[in-house]
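Working notes, structure below.
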Amino acid sequence: MIAQLRVELARYRGRRIIALLLLLAALLAALVAAKSAWDTRPITAQEVATAKKDAALAAQRSDIKADLDNCLTDPEAYLGTNATAQDCRDNLTAGPRSFLPREPLDLHGTLKGNGLGVALAVAGLLVIAASTFAGADWSSGSLVTQLLFEPRRGRLWAAKGLAVTLASGL
C-alpha cells in the first residue's frame, strides 16, 4: 500500500493541470489574506489628524448645531428618560473615530465575512483537481491497466484518495 501511495503521489504531482489548480487555490487564499491585511493596516497620524479636522467641520454644520441646541435645552424630551446633556453631545456629534478610513483588524469578522467564500472556492478547486486526476486515468484507459496490476479496486482507490488528500492538504 505504501509503494502504491508513493506512485499515486508522484502521478498526482506530475499532472500539470493539478499543479496549476493547486497554485491557483494557494494564490486565491494569499490574495484574500493580503487584501485583509491591507484593509486593516494601522491608521497613520496624518489620517487621525484628518479625521479630527473632518469631525470639527461636521460639528459646525447648522443642522447638527440646531439639533444639538434642541437636545441640550431638554435632553429627556429629545432622547428619552434619564438622558443628560453629555448624552446629547455623544449621540448628535460625530467623533473623529467616525471619520477614520478603516477599522482595525477583527479576525472573527474577517473570517466570518470572507472565510467561508474562500474556503468554498479553494475546496471547489481541489475537487476539480481530484476529479481530473481520477478522470484522466479513466478516459485514457490507464485505469484498466492499473486495475489489472492491482485487482483490489478498494485498495487502488484508497491509495488515489489518500494521495489526493495528502497533496491537497499540504
Side-chain angles (χ1 to χ4, degrees), residues 5 8-10 12-136 160-170:
L5 178 62
E8 293 301 331
L9 279 170
Y12 190 72
R13 282 191 323 258
R15 296 196 39 87
R16 285 180 280 179
I17 188 68
I18 290 174
L20 181 66
L21 287 169
L22 291 176
L23 179 65
L24 185 61
L27 286 175
L28 176 68
L31 179 68
V32 170
K35 183 184 180 316
S36 292
W38 177 257
D39 289 345
T40 58
R41 67 192 183 277
I43 295 169
T44 64
Q46 182 181 6
E47 290 169 333
V48 170
T50 303
K52 286 179 182 176
K53 189 187 306 180
D54 290 344
L57 284 174
Q60 298 302 318
R61 288 182 27 196
S62 61
D63 57 337
I64 292 177
K65 277 186 171 183
D67 282 345
L68 185 59
D69 289 340
N70 289 337
C71 183
L72 289 174
T73 57
D74 190 8
E76 288 189 1
Y78 202 83
L79 292 177
T81 344
N82 298 328
T84 64
Q86 186 59 40
D87 291 334
C88 291
R89 287 185 196 90
D90 291 344
N91 289 321
L92 297 176
T93 57
R97 185 106 182 111
S98 302
F99 292 95
L100 290 174
R102 61 190 160 274
E103 293 294 319
L105 178 62
D106 174 22
L107 285 180
H108 184 335
T110 300
L111 291 176
K112 194 174 186 180
N114 296 334
L116 183 61
V118 172
L120 287 175
V122 168
L125 289 170
L126 295 178
V127 166
I128 292 170
S131 63
T132 61
F133 180 58
K160 283 186 177 297
L162 193 55
V164 167
T165 302
L166 287 175
S168 297
L170 292 175

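Given the structure is predicted, the values throughout are model-derived calculations rather than measurements.
Residues passing the side chain to side chain contact (heavy atoms under 4.5 Å, CB included) test with D67 are Y78, L92, sequence neighbours excluded. With sequence neighbours left out, N82 forms a side chain to side chain donor-acceptor pair (under 3.5 Å) with no residue at all. Under the rule for a salt bridge (Lys or Arg N to Asp or Glu O under 4.0 Å), D87 has no partner lying at least two apart in sequence or in another chain. Partners of T44 by side chain to side chain donor-acceptor pair (under 3.5 Å), not counting sequence neighbours, listed by chain and number: E47. Partners of L23 by side chain to side chain contact (heavy atoms under 4.5 Å, CB included), not counting sequence neighbours, listed by chain and number: L27. Legend: residues meeting salt bridge (Lys or Arg N to Asp or Glu O under 4.0 Å) with R89, ordered by chain and number and at least two apart, are absent. Partners of Q60 according to the side chain to side chain donor-acceptor pair (under 3.5 Å) rule, which considers only residues two or more places apart in sequence or in another chain, are K65. Applying the side chain to side chain donor-acceptor pair (under 3.5 Å) criterion to N91, with sequence neighbours excluded, gives no partner residue.
Here the closest heavy-atom approach between residue L28 and residue A121 is recorded as CD2-CB, 3.4 Å. Between A85 and P75 the shortest heavy-atom distance is N-CG, 4.0 Å. Between G95 and A55, the shortest heavy-atom contact is C-CB, 3.9 Å. Scanning both residues, A51 and L100, for their nearest heavy atoms gives CB-CD2, 3.6 Å. Nearest heavy-atom pair across A94 and F99 is CB-CE1, 3.7 Å.
Surrounding CD of Q46 are at most 12 heavy atoms belonging to other residues, nucleotides or ligands under 6.0 Å away.
Residue pairs that meet the salt bridge (Lys or Arg N to Asp or Glu O under 4.0 Å) test with at least one member in residues 71-86, sequence neighbours left out, do not exist here. Judged as a disulfide (SG to SG under 2.5 Å), not a single pair has a partner in residues 13-65 (not counting sequence neighbours). Listed by first and then second residue, the disulfide (SG to SG under 2.5 Å) pairs involving residues 40-96 are C71-C88 (not counting sequence neighbours). The salt bridge (Lys or Arg N to Asp or Glu O under 4.0 Å) pairs that include a residue from residues 30-41 are K35-D39, where partners are two or more places apart or lie in different chains.
Side chains of L22 and L125 form no contact here, defined as non-hydrogen atoms less than 4.5 Å apart.
No donor-acceptor pair under 3.5 Å is formed between the side chain of S36 and the backbone N or O of A33.
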